[in-house]
Amino acid sequence: PEEAFIRCYAALIDAATQGGVPTTIVASITSDKDRRLLNQVYFSSGSPENIEIVAQFQDGNGKRAAIAEGLRVVARDLPPARSVTVLMDGDTILSQDAIAKSIVFFQADPDLAAATTNNRALVQGTYTTKNWYAVRMAQRHTLMASMALSHRLLVLTGRYSLFRTDIAVSADFIAQVEHDTIAHWHLGDITLLTGDDKSTWFNVLKRGGKMLYIPDVVSYSVEALPSPGRFFPASTRLMRRWFGNMLRANSRSVALGPRKTGALIWWSLVDQKLSVWTSLVGPIAVVFLATFLSPIFIVYYLAWALFVRTVLSIGAALNHGTISASWPFLMYYNQVWGAALKSWLIFHLDRQSWTRQDITGAAPKSIMANTNSTLLHILSLLLLTACVGVFIGQI
């Protein structure tokens, strides 16, 4: 939308002006109308002398191609040594001090390879939708601030992240963003459609690059549930994309080993796969106990589950600054329904789509491949159910 476009670039120009360093903004646009809006925003901001805007028309091949072309523009401009490149989405609105507060870390630490910041969501939607985004952002903030102490992170978000320019314009970095693939034991080679931020993160991770999370710098993303807009189907579509990106990046990151990734991040990556199954143990166990012993176990389980998530909600709220009575329920929804989705995605990693664009990944190579993936998923759930039943003495 035009309003979001103007807000994004007006905030970016204001932040670059306050940053006080020479800045080139490479804007990936789709029409002459966008170019005219860029000129309008630039002149409305006072035509700051330290800022140059380059309009880069997208070729229509998706976000990855647009990022790669933008980085080639930066490379051709021969940026100075120790300069910093920002990658950000077109619906992100920066706080006025975002660039000024971010680049000082790169100036102070020559070893810093990349950094990302706190995110807040400007949500258009219902009470439930707003709090669903809020609790996700609150948990993310707490987790990222903790992991940053290891000088590594689990993601360099596409909303707003900064990279050393010599890394961002390197041939392998651009190639990884533009044409990233993974090898899957069952599905073969999978070309990655979504998850460009996982590609940039993996490139820095495999270099052993130092990463930083800056908690007091905030970028705001304009969010709304995709079609059909109803909470359950729309949030499911988003989680399928997010969790698919996470799982597609997981195995090759674990393969780097703890020496390259750091012990904490390596174990967190291992836990991403383990938690798919451990999160389903409780619901499966309570079904057994309620069926074969007494329905009262449902009450015990729900009371314990909500108590634990209430404690977690309070902990996240202390860092985030707000809380809602809906948070424990939304945390439980994210964990259990999210785990169920992840268990399906593990065997269907070739299924990819953007939630707000009519762009999807390649269909399965054959009906047999799709059938085999479905059977493997069902067998894995049956095996987990059997193991839980034996463990609690009901089988």
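Along the sequence shown, residues are numbered consecutively beginning with 1.
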Student: For Glu2, what residues pass the side chain to side chain donor-acceptor pair (under 3.5 Å) criterion, not counting sequence neighbours?
Tutor: Lys33

Student: How long is the straight-line distance from OG of Ser251 back to CG of Leu256, given to the nearest 0.5 Å?
Tutor: 11.0 Å

Student: If we check side-chain hydrogen bond (donor to acceptor under 3.5 Å, both in side chains) with Ser235, which of these qualifies: Tyr333, Tyr133, Trp337?
Tutor: Tyr333

Student: Using distance alone, with no hydrogens and no angle criterion, decide if Thr142 and Asn319 have a side-chain donor and acceptor under 3.5 Å apart.
Tutor: yes

Student: Donor-acceptor pair, Asp350 side chain versus Leu187 backbone, under 3.5 Å?
Tutor: no

Student: Show your working on side-chain hydrogen bond (donor to acceptor under 3.5 Å, both in side chains) between Arg64 and Ser199 and close with a plain yes or no.
Tutor: CA-CA 10 Å; Arg64 285 179 174 273; Ser199 297; 3.0 Å; yes

Student: Keeping Ser279 on the side-chain end and Ala339 on the backbone end, is there a donor-acceptor pair under 3.5 Å?
Tutor: no

Student: After noting the C-alpha distance and the side-chain angles of Asp34 and Thr30, does the key distance pass the side-chain contact (heavy atoms from CB on, under 4.5 Å) rule?
Tutor: CA-CA 7 Å; Asp34 291 342; Thr30 57; 3.1 Å; yes

Student: Just jot down the ring pair (Phe, Tyr, Trp, His ring centres under 6.0 Å) partners of Phe202, sequence neighbours excluded, or say none.
Tutor: none

Student: Using side-chain hydrogen bond (donor to acceptor under 3.5 Å, both in side chains), reason through Ser221 and Tyr160 one step at a time and then give a plain yes or no.
Tutor: CA-CA 9 Å; Ser221 56; Tyr160 173 65; over 6 Å; no

Student: Is a side-chain donor or acceptor of Gln56 paired with a backbone partner of Val26 at a separation under 3.5 angstrom?
Tutor: no

Student: Distance-only, no hydrogens or angles: does the Gln58 side chain make a donor-acceptor pair with backbone N or O of Ala65 under 3.5 Å?
Tutor: no

Student: For Tyr220, does its backbone N or O pair with a side-chain atom of Thr92 as donor and acceptor, under 3.5 Å?
Tutor: no

Student: Are a donor atom and an acceptor atom from the side chains of Gln335 and Arg309 found within less than 3.5 Å of each other?
Tutor: yes

Student: Under a 3.5 Å threshold, yes or no: a donor from one side chain and an acceptor from the other, between Arg351 and Asn370?
Tutor: yes

Student: Could you walk me through whether Ser253 and Leu205 pass side-chain contact (heavy atoms from CB on, under 4.5 Å), step by step?
Tutor: CA-CA 8 Å; Ser253 304; Leu205 187 70; 4.3 Å; yes

Student: Return the set of residues passing salt bridge (Lys or Arg N to Asp or Glu O under 4.0 Å) with Asp111 (not counting sequence neighbours), or none when no residue passes.
Tutor: none

Student: Distance from Leu156 atom CG to Asp197 atom CG, nearest 0.5 Å?
Tutor: 8.0 Å

Student: Which atoms form the tightest heavy-atom contact between Ser28 and Ala66, and what is the distance?
Tutor: OG-O, 3.7 Å

Student: Should the ring pair His377 and Phe347 be called parallel, tilted or perpendicular, given that the plane angle runs from 0 to 90° and is split at 30 and 60?
Tutor: tilted

Student: Would Gln394 and Val388 count as a side-chain contact (heavy atoms from CB on, under 4.5 Å) here? Give the steps.
Tutor: CA-CA 9 Å; Gln394 300 307 306; Val388 173; over 6 Å; no

Student: Could you state the interatomic distance from CG (Asp196) to CD (Gln176), rounded to the nearest 0.5 Å?
Tutor: 11.5 Å

Student: Verify whether one side chain among His186 and Ser373 offers a donor that lies under 3.5 Å from an acceptor in the other.
Tutor: yes

Student: Should side-chain heavy atoms under 4.5 Å link Ile, Leu, Val, Met, Phe, Trp and Tyr, which residues sit in the same cluster as Leu306?
Tutor: Phe329

Student: Looking at Gly19 and Ile99, what are the two nearest heavy atoms and their distance?
Tutor: CA-CG2, 4.4 Å

Student: Run the side-chain contact (heavy atoms from CB on, under 4.5 Å) test against Gln40 and tell me which residues pass, sequence neighbours left out.
Tutor: Ile6, Leu37, Ser44

Student: Can you tell me if Arg240 has over 12 outside heavy atoms packed within less than 6.0 Å of its CZ?
Tutor: no

Student: So, the side chain of Arg159 versus the backbone of Ile93: is there a donor-acceptor pair under 3.5 Å, distance only?
Tutor: no

Student: Report the hydrophobic cluster partners of Ile378, with the cluster defined as I, L, V, M, F, W, Y residues connected by side-chain heavy atoms closer than 4.5 angstrom, directly or transitively.
Tutor: Leu382

Student: Could you work out, with side chain to side chain donor-acceptor pair (under 3.5 Å) as the rule, every residue matching Lys101, not counting sequence neighbours?
Tutor: Asp97

Student: Quick one: which residue pairs count as a side-chain hydrogen bond (donor to acceptor under 3.5 Å, both in side chains) with a foot in residues 286-308, not counting sequence neighbours?
Tutor: Tyr301-Tyr332

Student: Testing the basics here: between Ser150 and Ile265, what is the closest heavy-atom pair and its distance to 0.1 Å?
Tutor: OG-CG1, 3.9 Å

Student: At their closest point, which heavy atom of Gln272 faces which heavy atom of Val276, and how far apart are they?
Tutor: O-CG2, 3.4 Å

Student: Is there a path of hydrophobic side-chain contacts, each under 4.5 Å between heavy atoms of I, L, V, M, F, W or Y residues, that connects Ile25 with Leu162?
Tutor: yes

Student: State which residues pass salt bridge (Lys or Arg N to Asp or Glu O under 4.0 Å) with Asp89; sequence neighbours excluded, sorted by chain then number.
Tutor: Lys63

Student: Can you tell me how far CG of Leu87 sits from OG1 of Thr157, rounded to the nearest 0.5 angstrom?
Tutor: 10.5 Å

Student: How would you list all residue pairs meeting side-chain hydrogen bond (donor to acceptor under 3.5 Å, both in side chains) that involve residues 257-267, not counting sequence neighbours?
Tutor: none

Student: Can you establish whether the number of heavy atoms outside Phe232 located under 6.0 Å from its atom CZ is more than 12?
Tutor: yes

Student: Which is it for Arg152 and Leu264 under the side-chain contact (heavy atoms from CB on, under 4.5 Å) test, yes or no, and what are the steps along the way?
Tutor: CA-CA 9 Å; Arg152 299 288 190 279; Leu264 176 62; over 6 Å; no

Student: I would like to know whether Phe288 and Phe297 meet ring-ring contact (aromatic ring centres under 6.0 Å, His included); could you show each step before the answer?
Tutor: CA-CA 9 Å; Phe288 272 115; Phe297 281 99; over 10 Å; no

Student: Does any pair with a residue in residues 161-175 pass side-chain hydrogen bond (donor to acceptor under 3.5 Å, both in side chains), and if so which ones, sequence neighbours excluded?
Tutor: Ser83-Thr165, Thr85-Thr165, Thr116-Ser161, Ser170-Asp172, Ser170-Arg207, Asp172-Asn203, Asp172-Arg207

Student: Do Trp242 and Leu143 land in one hydrophobic cluster if side-chain heavy atoms of ILVMFWY residues count as linked below 4.5 Å?
Tutor: no

Student: Not counting sequence neighbours, which residues clear side chain to side chain donor-acceptor pair (under 3.5 Å) with Glu69? List them please.
Tutor: Arg72

Student: Does the side chain of Asn245 come under 3.5 Å of the side chain of Arg248 through a donor N or O and an acceptor N or O?
Tutor: yes

Student: Determine yes or no for a side-chain-to-main-chain donor-acceptor pair under 3.5 angstrom, with Trp327 supplying the side chain and Ala134 the backbone.
Tutor: no

Student: Count I, L, V, M, F, W, Y as connected when their side-chain heavy atoms are under 4.5 Å apart, and connections chain through other members. Are Ile214 and Phe163 then in the same cluster?
Tutor: no

Student: Verify whether one side chain among Thr126 and Thr128 offers a donor that lies under 3.5 Å from an acceptor in the other.
Tutor: no

Student: Compute the centroid of each ring, for Tyr9 and then for Tyr42, and state whether the two points are separated by less than 6.0 Å.
Tutor: no

Student: Within the distance-only criterion (no hydrogens, no angle test), does the side chain of His320 pair as donor or acceptor with the backbone N or O of Ala316 below 3.5 angstrom?
Tutor: no

Student: Keeping Asn50 on the side-chain end and Val21 on the backbone end, is there a donor-acceptor pair under 3.5 Å?
Tutor: yes

Student: Quick check: is Ile167 connected to Phe105 through a chain of hydrophobic side chains (ILVMFWY, heavy atoms under 4.5 Å apart)?
Tutor: no

